[in-house]
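We name chains A, B, ... by the order of the sequence lines, and we start the count at 1 in each one. These figures come from a predicted structure and were not determined experimentally.
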Amino acid sequence: MRILIGKVKDHMDSEVEISGWAQNIRVMSSVLFIELRDVSGTVQGVLLRKGNEELFNDLKTIPRETVMSIKGLAVKSQAKIGYEVQINHLDILNKAETPLPLGVVDRIDSDIETRLENRFLDLRRPEILSIFKIQSTISNAIRNYFVQKGFIEIHSPKIVAAATEGGTELFPVKYFERNAYLSQSPQLYKEIMMSAGFDKVFEVAPAFRAEEHNTPRHINEFTSLDMEMSFVDDNDVMDVLEEVIKTAFRSVADSNQRELEILGVSNPTIDYKFRRITYSEYVKMANEKGIDLKDGEDLSTLVLKTVGGGMNEFYFITRWPRALKPFYVQPHDEQYSRGFDLQFGELEITSGAQRVHSPEVLVNNLKAKGLNPESFAFYVNAFRYGMPPHAGWAIGLERLTMVLLNISNIRETTLFPRDRTRVTP
RNA sequence: GCCCCGAUAGUGUAGUGGCCUAUCAUACGAGUCUGUCGAGCUCGUGACACGGGUUCAAAUCCCGUUCGGGGCGCCA
């Protein structure tokens with residue numbers, strides 16, 4: 001019965017069976033060592049030539065990354081981790097070809113392009129695996145949080161008829177005799193669920209954006225963690241967001257000590273209150289830094305870098321001008337809205353808002369943005385027969401992972417990134 | 001979509017008109033070595049993205065193509 005390599009230390013002085021990839025084979029004249037790796041770690045298998053002549057000669061030429069299964073005695077030894085497995089039986093399950101298109105344990109760093117082209121090999125590296133173990137903890141922690149708080153998990157359609165926010169480009173899809181699009185956000189559907197009376201919903205699902213951007217923080221398919229709540233306002237859901245992020249980070253600190261160590265990241269637990277800075281205050285901060293920016297203009301990358309770049313923490317930017325936010329964001333007054341962003345330094349992690357719930361306001365907003373309310377009828381109708389006040393937000397899972405691990409390229413926190421030029425693997 | 005930059009063995013690099021028959025490391029192959037753990041040592045195989053041009057001479061200069069990187073816009 002195979003055990004994980006990480007469990008070998010619990011079976012000292014007994015026979016174990018382990019399986020995995022031979023990441024390094026060191027051959028001396030009368031003894032050889034095989035470093036075997038699986039999802040849980042690595043251990044050294046040792047084989048003396050004496051008494052194992054045939055097996056020894058076979059293994060001398062076995063390529064790295066060959067998949068094998070080893071049976072042997074787990075013993076304390078002078079190995080660096082303090083123990084090893086004395087091989088007494090070995091099965092080659094699948095030989096690897098040579099040379100590898102990408103060295104799994106080479107000390108040479110490959111370009112991200114080469115790594116993504118050979119992602120299955122890249123992902124074998126413990127530090128890359130660690131990123132995705134941690135990402136799994138984050139999404140599970142958030143899911144658990146929502147479930148515990150009585151949220152209903154939903155699965156909204158990813159093939160849609162209309163744009164959701166008007167602004168971003170959509171991927172067209174041929175839908176039989178009609179044209180449809182890949183969903184850029186579950187926004188409209190999670191709001192409809194408020195009208196449906198589900199009260200609190202969340203969804204973890206892909207979102208598609210056809211923007212031709214070429215930056216380290218954009219991809220064309222990402223994982224959106226969405227939530228929406230009824231009978232609350234923007235401040236309430238900011239409270240929830242802060243708690244969700246703190247819960248997720250604490251969960252990683254609790255369950256991924258080994259992965260954090262491999263990645264050289266210190267304890268991610270957050271012990272400060274997220275500041276809430278109004279958009280107008282932010283503009284003043286930019287002005288004080290010598291940037292010419294008028295109240296009402298969008299915050300450019302330069303502004304966010306100049307003001308936010310020095311802030312190594314989470315903070316909200318609240319009360320955005322209505323003109324800069326989508327039609328579904330609740331107005332605060334003539335000029336400002338109940339929309340907010342959560343930033344970490346210069347990077348936007350979340351956008352959210354108290355939403356419009358009055359059908360009249362909604363239709364006026366749609367018109368004001370140059371959109372035709374008719375084409376949003378399926379959505380507007382949900383507001384006409386009893387829509388509660390509601391608010392919500394969406395986090396980019398990959399961006400949140402970047403922040404937690406201090407990684408600067410979103411492709412690193414995406415298993416198989418879809419960017420401007422990459423559709424495979 | 002706009003601006004800038006780049007492309008040399010499997011991987012990562014050196015190279016700035018002739019000294020390039022192209023550097024180094026790693027990988028790969030052969031050999032050697034009684035416990036390694038980035039094993040060591042010896043020998044070997046392996047590359048100038050593609051197409052055109054300038055020149056006595058091009059990895060090197062020019063043009064185009066393809067692919068990639070960075071920045072901006074936009075966003076999570």
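- Between B:rA14 and B:rA47, the distance separating the two C1' atoms is 13 Å to the nearest Å.
- A:I395 comes within 4.0 angstrom of no nucleic acid atom, judged by non-hydrogen atoms across all strands.
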Compile the donor-acceptor pairs under 3.5 Å between side chains in residues 90-97 of chain A and protein atoms, sequence neighbours left out, one pair per line.
unit_1	atom_1	unit_2	atom_2	d
A:D91	OD1	A:H89	NE2	3.4

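- Residue A:F222 and nucleotide B:rA76 are classified as a stacked aromatic pair, their ring centres being separated by less than 5.5 Å at an interplanar angle below 30°.
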Donor-acceptor contacts under 3.5 Å from residues 69-83 of chain A side chains, at least two apart:
unit_1	atom_1	unit_2	atom_2	d
A:S69	OG	A:S19	OG	3.0
A:S77	OG	A:A79	N	2.9
A:S77	OG	A:E84	OE1	3.3

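- Nearest nucleotide to the A:P99 side chain, out of B:rC28, B:rU11, B:rC72: B:rC28.
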Original post:
Dot-bracket for RNA chain B, 5' to 3', with Watson-Crick and G-U pairs under 3.5 Å, [ ] for crossing pairs and | for other-strand pairs: what is it?
Top reply: (((((((..(((.....[.....))).(((((.......)))))....(((((..]....))))))))))))....
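- Of the residues in residues 50-65 of chain A, A:R64 come within less than 4.0 Å of RNA chain B through at least one heavy atom, sorted by number.
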Would you tabulate the nitrogen or oxygen pairs shorter than 3.5 Å linking the protein to nucleotides 4-9 of chain B?
none

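- Note on A:D295 versus A:K284: no salt bridge recorded, every NZ/NE/NH1/NH2 to OD/OE distance being 4.0 Å or above.
- Closest to the side chain of A:D106, out of B:rG10, B:rC72, B:rU36, is B:rG10.
- Counting any heavy atom pair closer than 4.0 Å across all strands shown, A:N409 reaches sugar-phosphate atoms only and no base atom.
- Using a 4.0 Å heavy-atom distance criterion, A:L225 is classed as making no nucleic acid contact.
- Taking a 4.0 Å limit (strictly below) on heavy-atom distances, residues 111-122 of chain A reaches RNA chain B at A:D111, A:E113, A:T114.
- Using bins of under 30°, 30° to 60° and over 60° for the plane-to-plane angle, the ring pair A:F151/A:F146 lands in the tilted bin.
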